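Working notes for the structure below.
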Amino acid sequence: SESGLRMSALPKKDGGSVMKKLANKKAFQDLLLIIIGSGLTALPVKCIYDPLDMVTGGFSGLAIIIKALTSWFSAGGIPLGVTSFILNVPIFIAAYIKKGKEFVGKSFLAMVLLSVWLVIIPPLDLAENDFVIGTILGGCLMGLGIGLVLRANCTTGGTDMLAVLIHSKWKQFSVVRLIQIIDALIVVSGLYLFGWKSGLYAVFSIAVATKVSDITLEGLDVSRAVYILSDEAQKISDMILSEMDRGVAGIQAKGMYTKQEKCMLLCVVSRKQIVWLKETVMKIDPQAFLIICDAREVWGEGFQSYSEKI
């Protein structure tokens with residue numbers, strides 16, 4: 001009936017309004033992440049790496065080099081924020097022309113905010129001329145900032161965006177490899193300009209920042225994916241299902257040497273369960289073959305759902 005049609009249309013309208021509210025909430029969260037993340041990224045550049053002459057790659061590291069070079073004929077040199085903005089603008093224009101508006105997106109806002117933060121943050125020396133403190137503290141702050149910006153599905157531009165543009169012309173080089181090459185050239189330039197001490201500490205700081213950004217994106221709770229090849233696959237799967245309360249999948253596999261068909265088990269467990277699983281499997285079948293891998297993120301029942309993550 002007509003009234004029934006009107007009633008059936010109501011959930012769609014309500015669903016649309018709910019999706020709109022969720023989209024607005026996500027947009028606000030992304031904006032907050034970009035503001036905080038860009039600020040945390042700028043803080044170690046301005047207050048740790050610059051006072052210690054540590055060049056950690058990226059346009060921020062290149063800005064430190066340019067500031068040092070221009071300080072020879074200009075008091076204080078060109079400010080970090082100004083250099084970062086000037087270097088990024090042509091990159092973003094080229095990215096907009098080649099990749100379109102959707103590609104540039106929120107990254108332009110993150111780049112502008114990073115440049116603004118580099119200008120307004122006061123020139124303090126948080127490490128107090130201590131390279132060890134600077135390496136650890138700078139890496140943690142930089143990694144946290146980068147991780148927050150990446151969680152908003154954007155970047156602050158710089159060498160990442162430049163690598164994507166170069167890759168569009170020379171497909172034989174991967175984007176990751178190009179980023180490594182560009183950042184390595186910047187770090188080597190800093191090594192030549194400021195000496196080996198600051199250069200080596202910069203490398204360690206990059207490693208710390210990379211680890212912290214991974215933790216920020218994926219969390220500390222890394223699960224384990226376990227592949228099990230055994231003649232006692234049924235007993236082992238029953239044990240996993242009943243005693244561990246974990247799901248398990250059976251995958252048909254064939255040994256290419258023995259030409260025998262076997263059932264390979266695949267299950268995902270927490271770090272706390274992995275030791276118990278290994279010992280129990282070996283008690284059931286001492287000849288079992290196990291492959292244990294890190295599972296950086298696990299979505300689904302028993303782990304985390306997308307709605308909870310958001």
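Predicted, not measured: the structure shown is a model, and the values here were computed from it.
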Legend entry - Flag side-chain contact, heavy atom, 4.5 Å: Ile236 against Leu265: yes

Inset, instruction - Would you confirm whether Asp238, through its side chain, and Ser242, through its main-chain N or O, come within 3.5 Å as a donor-acceptor pair? - result: no

Inset, instruction - Start with the C-alpha distance between Lys235 and Asp285, add both sets of side-chain angles, then the distance that settles salt bridge (charged side-chain N to carboxylate O under 4.0 Å, His left out), and finish with yes or no. - result: CA-CA 9 Å; Lys235 289 183 180 180; Asp285 182 9; over 6 Å; no

Inset, instruction - Taking Ser84 for its side chain and Leu80 for its backbone only, find out whether a donor-acceptor pair lies under 3.5 Å. - result: no

Inset, instruction - Look at the side chain of Lys262 and the backbone N and O of Ala253, then say whether any donor-acceptor pair between them is shorter than 3.5 Å. - result: no

Legend entry - Atom pair NZ (Lys211) and CG (Asp214), whose distance is rounded to the nearest 0.5 Å: 6.5 Å

Inset, instruction - Indicate if Met256 and Met264 have the same hydrophobic cluster label, given that clusters are the connected sets of ILVMFWY residues with side-chain heavy-atom separations under 4.5 angstrom. - result: no

Inset, instruction - State, yes or no, whether a side-chain contact exists between Leu118 and Val45 at a heavy-atom distance under 4.5 Å. - result: yes

Inset, instruction - Mind listing the closest non-hydrogen atom pair of Leu178 and Ala163 along with its distance? - result: CD1-O, 3.4 Å

Legend entry - Worked check of side chain to side chain contact (heavy atoms under 4.5 Å, CB included) between Ser213 and Leu148: CA-CA 8 Å; Ser213 64; Leu148 291 178; over 6 Å; no

Legend entry - Gap separating the CD1 atom of Ile64 from the CD1 atom of Ile186, nearest 0.5 angstrom: 10.5 Å

Inset, instruction - Indicate the atoms forming the closest heavy-atom contact of Leu52 with Ala127, along with that distance. - result: CD1-CB, 3.9 Å

Legend entry - pair Tyr49-Val55: side-chain heavy atoms closer than 4.5 Å: no

Legend entry - 4.5 Å side-chain heavy-atom contact, Thr83 and Ser60: no

Inset, instruction - Could you tell me the separation between the CG atom of Leu113 and the OG atom of Ser38, rounded to the nearest 0.5 Å? - result: 4.5 Å

Legend entry - Ser198 versus Asp53, side-chain donor and acceptor atoms under 3.5 Å: no

Legend entry - Ile48 CD1 to Asp125 CG distance, which is reported to the nearest 0.5 Å: 8.5 Å

Inset, instruction - Ignoring hydrogens and angles, tell me if any N or O in the side chain of Trp276 forms a donor-acceptor pair with the backbone of Met244 under 3.5 Å. - result: no

Inset, instruction - Verify the neighbour count for atom CD of Glu243: are there more than 12 heavy atoms of other residues, nucleotides or ligands below 6.0 Å? - result: yes

Legend entry - In one Ile/Leu/Val/Met/Phe/Trp/Tyr side-chain cluster, 4.5 Å: Val248, Ile274: yes

Legend entry - Any donor-acceptor N/O pair, Asn88 side chain to Gly158 backbone, under 3.5 Å: yes

Inset, instruction - Run through Trp196, Phe194, Tyr201 and flag the one making a ring-ring contact (aromatic ring centres under 6.0 Å, His included) with Phe131. - result: Tyr201

Legend entry - Where Ser205 and Gly134 come nearest, the two heavy atoms and their spacing: OG-O, 4.5 Å

Legend entry - Heavy-atom side-chain proximity of Asp294 to Arg224 below 4.5 angstrom: yes

Legend entry - Flag, side chain of Lys106 to backbone of Ala152, donor-acceptor distance under 3.5 Å: yes

Legend entry - Any Val119 side-chain heavy atom under 4.5 Å of Phe85 side chain: no

Legend entry - Intermediate values then yes/no, side chain to side chain contact (heavy atoms under 4.5 Å, CB included), Met142 and Val212: CA-CA 8 Å; Met142 177 71 77; Val212 173; over 6 Å; no

Legend entry - Interatomic distance, Gln287 atom CD to Glu232 atom CD [nearest 0.5 angstrom]: 11.0 Å

Legend entry - Heavy-atom donor-acceptor pair, Ser107 side chain to Cys154 backbone, under 3.5 Å: no

Legend entry - Check: Lys67 and Ile78 side chains under 4.5 Å, non-hydrogen atoms: no

Inset, instruction - Output, in order, the C-alpha distance, side-chain angles, deciding distance and verdict of side chain to side chain contact (heavy atoms under 4.5 Å, CB included) for Leu290 and Lys278. - result: CA-CA 8 Å; Leu290 277 73; Lys278 288 190 294 184; 4.1 Å; yes

Inset, instruction - Search all heavy atoms of Cys263 against all heavy atoms of Gly250 and return the closest pair with its distance. - result: SG-CA, 3.7 Å

Inset, instruction - Flag the pair Thr135 / Met54 as yes when at least one side-chain heavy-atom distance between them is below 4.5 Å, and no otherwise. - result: yes

Inset, instruction - Please round to the nearest 0.5 Å and tell me the distance separating atom CD1 of Ile91 and atom CG of Leu162. - result: 4.5 Å

